Amino acid sequence: MTELSGGQRQRVFVARALAQEASVLLLDEAFSGVDAGAQEGLVEVLRTLRDEGRIVLLATHDLTNLAGRFDEVLCLNCQVCACGPPDQVFTPQVMEKLYGAHGVRLATDGGGS
């Protein structure tokens with residue numbers, strides 16, 4: 001494992017969960033160190049698992065393309081700032097709670113979707 005890239009390690013962790021037939025997957029920064037192609041492959045695997053009735057929870061700071069990848073988001077910053085479908089949650093007000101003034105720019109420039 002120590003010789004694998006970040007993306008390869010992420011795929012091994014997901015494969016292990018699949019082999020164990022886990023009904024709930026909890027992933028922390030699953031896209032960290034993963035190139036764009038591998039991200040899309042991982043998203044497809046996660047969607048398949050969701051469609052099979054498994055629960056997939058993913059913690060991330062990367063809001064790039066988030067709205068199109070997930071059904072629900074929970075935004076936390078010492079408290080629940082918002083919860084719901086991404087297109088309803090990623091408002092300038094919520095982004096400001098999460099990231100301060102930079103968050104407003106993310107929301108208005110489309111960085112959250």
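The structure displayed is predicted, hence computed values, not measured ones. In what follows, residues are counted from 1 in the order of the sequence shown.
- Atom NE2 of His61 and atom CG of Leu98 lie 9.5 Å apart (nearest 0.5 Å).
- No side-chain heavy atom of Phe70 sits less than 4.5 Å from a side-chain heavy atom of Pro85.
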*Are Cys75 and Val89 close enough, and set up right, to give a side-chain contact (heavy atoms from CB on, under 4.5 Å), and what steps lead you there?*
CA-CA 8 Å; Cys75 299; Val89 168; 3.5 Å; yes
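- Ion pairing between a basic and an acidic side chain is recognised when a charged N comes within 4.0 Å of a carboxylate O; Arg69 and Glu40 show such pairing.
- Considering only heavy atoms from C-beta on, Val14 comes within 4.5 Å of Leu42 through its side chain.
- Contact of the Thr60 side chain with the Glu29 side chain is registered, since non-hydrogen atoms from C-beta on lie closer than 4.5 Å.
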Please report, to 0.1 Å, the donor-acceptor pairs under 3.5 Å made by any side chain of residues 17-26, with sequence neighbours excluded.
none

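- Hydrophobic clustering, defined by side-chain heavy atoms of Ile, Leu, Val, Met, Phe, Trp and Tyr closer than 4.5 Å, groups Val80 together with Leu74, Leu76.
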*When you look at Leu46 and Leu58, which way does the side-chain contact (heavy atoms from CB on, under 4.5 Å) test go after all the steps?*
CA-CA 10 Å; Leu46 298 177; Leu58 184 137; 4.2 Å; yes
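- Looking at residues two or more places apart in sequence or on another chain, you find a side-chain hydrogen bond (donor to acceptor under 3.5 Å, both in side chains) between Asp71 and Arg50.
- Going from atom SG of Cys81 over to atom OH of Tyr99 covers 10.0 Å, rounded to the nearest 0.5 Å.
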